[in-house]
Q: 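Take a look at this one; I'll ask things after.
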Amino acid sequence: MKVKPFPKQPGSSGAYPLTSPPTSYHNTVSPSPSMMHTQSPGNLHAASSPSGALRAPSPASFVPTPPPSSHGLSIGPGASFASPHGALDPSSPYTMVSPSGRAGNWPGSPQVSGPSPATRLPGMSPANPSLHSPVPDASHSPRAGTSSQTMPTNMPPPRKLPQRSWAASIPTILTHSALNVLLLPSPTPGLVPGLAGSYLCSPLERFLGSVIMRRHLQRIIQQETLQLINSNEPGVIMFKTDALKCRVALSPKTNQTLQLKVTPENAGQWKPDELQVLEKFFETRVAGPPFKANTLIAFTKLLGAPTHILRDCVHIMKLELFPDQATQLKWNVQFCLTIPPSAPPIAPPGTPAVVLKSKMLFFLQLTQKTSVPPQEPVSIIVPIIYDMASGTTQQADIPRQQNSSVAAPMMVSNILKRFAEMNPPRQGECTIFAAVRDLMANLTLPPGGRP
């Protein structure tokens with residue numbers, strides 16, 4: 001575009017203000033099409049456009065702008081740039097208009113309707129540090145009190161974010177050290193090392209895993225014989241069985257574990273320590289690493305069992321969580337919520353290991369306490385079947401693999417049969433825990449014998 005010099009006006013300083021072109025400007029300058037179609041949204045109006053003086057700064061205005069001399073313009077010492085906070089030149093034929101109602105009277109200037117994004121969200125420029133504050137308030141900006149720009153009266157109040165550390169829609173800048181802490185495997189906070197399990201993962205993995213398990217639980221409740229209860233608390237799942245009312249939510253202290261709160265319908269049937277064991281078992285063995293949905297399926301089946309059966313299962317869970325409290329037993333026990341690979345081939349590994357119908361089928365893993373140091377402790381998988389009609393607890397008769405030893409299963413079966421003969425079940429009494437405890441106290445494998 002070729003610019004012709006303008007004749008001076010009397011009393012001028014030799015250069016015309018860029019916001020006040022003379023009346024002869026339309027006859028001497030014609031806009032270049034290339035300049036009209038190639039400019040970015042941030043600098044649609046050049047410095048010589050009056051619209052550029054009237055609009056509030058857009059996000060692109062924070063990017064350094066090349067000096068006017070790079071465009072071939074010569075600015076005299078008396079020239080002044082228009083600012084959103086400054087007044088128009090008195091000799092300008094153009095009048096100040098509001099950002100929402102400005103008119104594009106400058107020839108060849110693109111017509112943009114509506115206010116600039118910066119006028120809608122003051123202080124929300126990408127370069128504004130107040131972006132990183134949970135509430136985009138002007139008082140949080142380091143420039144607050146130093147700028148004369150005021151918030152429009154028709155602007156809605158700033159949006160208040162929920163009081164949750166994970167719900168902020170405005171990005172938060174993390175340092176390298178903070179990101180390293182999120183991704184570094186570490187012990188689960190708030191849990192005793194013995195209860196946290198052997199699977200070590202990062203805080204971010206624990207948080208995401210807990211959120212996924214909460215989603216799985218909501219789906220599983222609708223499929224099982226459990227009653228879902230509507231909850232007004234965000235992120236909280238409530239449901240009930242015939243005997244228990246349950247509440248599941250993320251830990252309010254760490255957001256890294258999923259916690260269960262149990263309230264019995266009949267408080268006389270439960271002891272406080274039994275409910276605490278059930279809650280701790282859910283947090284550490286069910287909803288924790290490695291975050292498998294099938295463990296939730298098996299656990300919800302246990303919750304739906306009759307009270308006397310569930311209480312016996314809770315006593316077995318207590319032996320797993322606190323093995324040091326049973327020093328007279330020869331074996332440690334683990335409640336298998338999914339079928340382990342070494343179990344008898346009744347179902348694929350990873351399948352929910354609890355079946356509850358007229359009979360109850362579940363799996364226990366017994367690990368020998370004493371072992372020779374060079375050797376690993378002996379572990380066996382015991383499938384247990386409980387007959388609800390007769391009240392007897394026996395080892396499930398499942399065909400074993402051909403290469404597996406039959407010595408340990410035979411000894412387990414004999415001990416359980418002898419216990420059933422010596423302790424006939426009474427009406428309304430469950431024999432699961434008593435039979436399992438007797439097995440853990442009396443099972444002795446032959447020297448060097450492996451299952």
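Only heavy atoms go into these numbers, but all of them, side chains included; no hydrogens, no water, no symmetry mates.
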Q: Show the numbers, then the answer: is there a side-chain contact (heavy atoms from CB on, under 4.5 Å) between Leu296 and Val286?
A: CA-CA 6 Å; Leu296 286 174; Val286 180; 3.7 Å; yes
Q: Under the side-chain contact (heavy atoms from CB on, under 4.5 Å) rule, what do Asn294 and Leu337 come out as? Steps first, then yes or no, please.
A: CA-CA 8 Å; Asn294 284 344; Leu337 296 175; over 6 Å; no
Q: Please find the pair of heavy atoms, one from Pro189 and one from Gln256, that lie closest to each other, and give the distance.
A: CD-OE1, 3.4 Å
Q: Rounded to the nearest 0.5 Å, what separates atom CG in Leu208 from atom CE in Met213?
A: 13.5 Å
Q: Give a yes or no on this: more than 12 heavy atoms of other residues, nucleotides or ligands lie within 6.0 Å of atom CG of Asn414.
A: yes
Q: Ignoring hydrogens and geometry, is there a side-chain-to-backbone donor-acceptor pair from Asp438 to Ala434 under 3.5 Å?
A: no
Q: Dump the intermediate steps for side-chain contact (heavy atoms from CB on, under 4.5 Å) on Leu184 and Ser202, then the final yes or no.
A: CA-CA 5 Å; Leu184 186 67; Ser202 66; 5.8 Å; no
Q: Counting only N and O atoms by type, is there a donor-acceptor contact under 3.5 Å from the side chain of Asn180 to the main-chain atoms of His176?
A: no
Q: Of all the heavy-atom pairs spanning Ala353 and Cys336, show the shortest one and how long it is.
A: CB-O, 3.4 Å
Q: Just wondering, do Leu250 and Gln259 contact through their side chains at under 4.5 Å, heavy atoms?
A: no
Q: Taking Ser413 for its side chain and Pro409 for its backbone only, find out whether a donor-acceptor pair lies under 3.5 Å.
A: no
Q: State which residue, out of Arg219, Lys240, Lys301, fulfils the salt bridge (Lys or Arg N to Asp or Glu O under 4.0 Å) condition with Glu224.
A: Lys301
Q: Is there a donor-acceptor contact under 3.5 Å from the side chain of Arg311 to the main chain of Trp270?
A: no
Q: Using atom types as modelled and distance alone, determine if a side-chain donor or acceptor of Thr300 lies under 3.5 Å from a backbone N or O of Ile297.
A: yes
Q: What pairs of donor and acceptor atoms, side-chain ones from residues 359-367 against any protein atom, are under 3.5 angstrom apart with sequence neighbours left out?
A:
residue, atom, partner, partner atom, Å
Thr367, OG1, Ser379, OG, 3.1

Q: Could you tell me if the side chain of Thr188 sits less than 4.5 Å from the side chain of Leu200, heavy atoms only?
A: no
Q: Quick one: are Lys245 and Val262 in side-chain contact, heavy atoms under 4.5 Å?
A: no
Q: Going through the checks in order, is the salt bridge (charged side-chain N to carboxylate O under 4.0 Å, His left out) test met by Glu283 and Lys280?
A: CA-CA 5 Å; Glu283 183 179 5; Lys280 191 61 64 176; 3.6 Å; yes
Q: For a quick test of your reading: what N or O donor-acceptor pairs under 3.5 Å do the side chains of residues 317-329 make, sequence neighbours left out?
A:
residue, atom, partner, partner atom, Å
Glu320, OE1, Phe335, N, 2.9
Glu320, OE2, Arg285, NE, 3.0

Q: How close do Phe291 and Glu205 get, heavy atom to heavy atom, and via which atoms?
A: CE1-O, 3.9 Å
Q: Identify the heavy atoms of Ala435 and Leu416 that sit nearest to each other, and give their distance.
A: O-CD2, 3.8 Å
Q: I'd like to check the side chain to side chain contact (heavy atoms under 4.5 Å, CB included) partners of Ser358; sequence neighbours left out, ordered by chain and number.
A: none
Q: In this structure, are over 12 heavy atoms from other groups packed under 6.0 Å from Arg215 atom CZ?
A: no
Q: Could I get the full list of ring pair (Phe, Tyr, Trp, His ring centres under 6.0 Å) partners for His315, not counting sequence neighbours?
A: Phe433
Q: Considering non-hydrogen atoms only, spot the tightest contact between Ala347 and Ile339 and give its length.
A: CB-CD1, 3.5 Å
Q: With a 4.5 Å cut-off on side-chain heavy atoms, are Met388 and Leu356 touching?
A: yes
Q: Does anything in residues 330-341 form a side chain to side chain donor-acceptor pair (under 3.5 Å)? List the pairs, not counting sequence neighbours.
A: Lys330-Thr444
Q: Under the 3.5 angstrom rule, does the side chain of Thr295 hit a backbone N or O of Lys292 as a donor-acceptor pair?
A: yes
Q: Please tell me if the side chains of Pro185 and Cys201 come closer than 4.5 Å, counting only heavy atoms from C-beta onward.
A: no
Q: Tell me if the CG atom of Asp397 is crowded by more than 12 foreign heavy atoms within 6.0 Å.
A: no
Q: Could you verify whether a donor N or O on one side chain and an acceptor N or O on the other, from Ser186 and Arg206, lie under 3.5 Å apart?
A: yes
Q: What do the steps show when you test Thr307 against Ile309 for side-chain contact (heavy atoms from CB on, under 4.5 Å), and what is the final call?
A: CA-CA 5 Å; Thr307 302; Ile309 297 178; over 6 Å; no
Q: Quick one: list whatever passes ring pair (Phe, Tyr, Trp, His ring centres under 6.0 Å) with Phe282, sequence neighbours left out.
A: Phe299
Q: Answer yes or no: is there a side-chain heavy-atom contact under 4.5 Å between Thr241 and Leu310?
A: no
Q: Taking all heavy atoms of Leu260 and all of Glu279, pick out the closest pair and write down the distance.
A: O-CG, 3.1 Å
Q: Hey, does the side chain of Asp387 reach the backbone of Thr392 with a donor-acceptor pair shorter than 3.5 angstrom?
A: no
Q: Determine whether Leu217 and Val248 make a side-chain contact, defined as any pair of heavy atoms from C-beta on separated by less than 4.5 Å.
A: yes
Q: For the residue pair Phe281 and Val314, establish whether any side-chain heavy-atom pair is separated by less than 4.5 Å.
A: no
Q: Is it the case that the side chain of Arg214 and the backbone of Gly235 share a donor-acceptor pair, with hydrogens and angles ignored and the cut-off at 3.5 Å?
A: yes
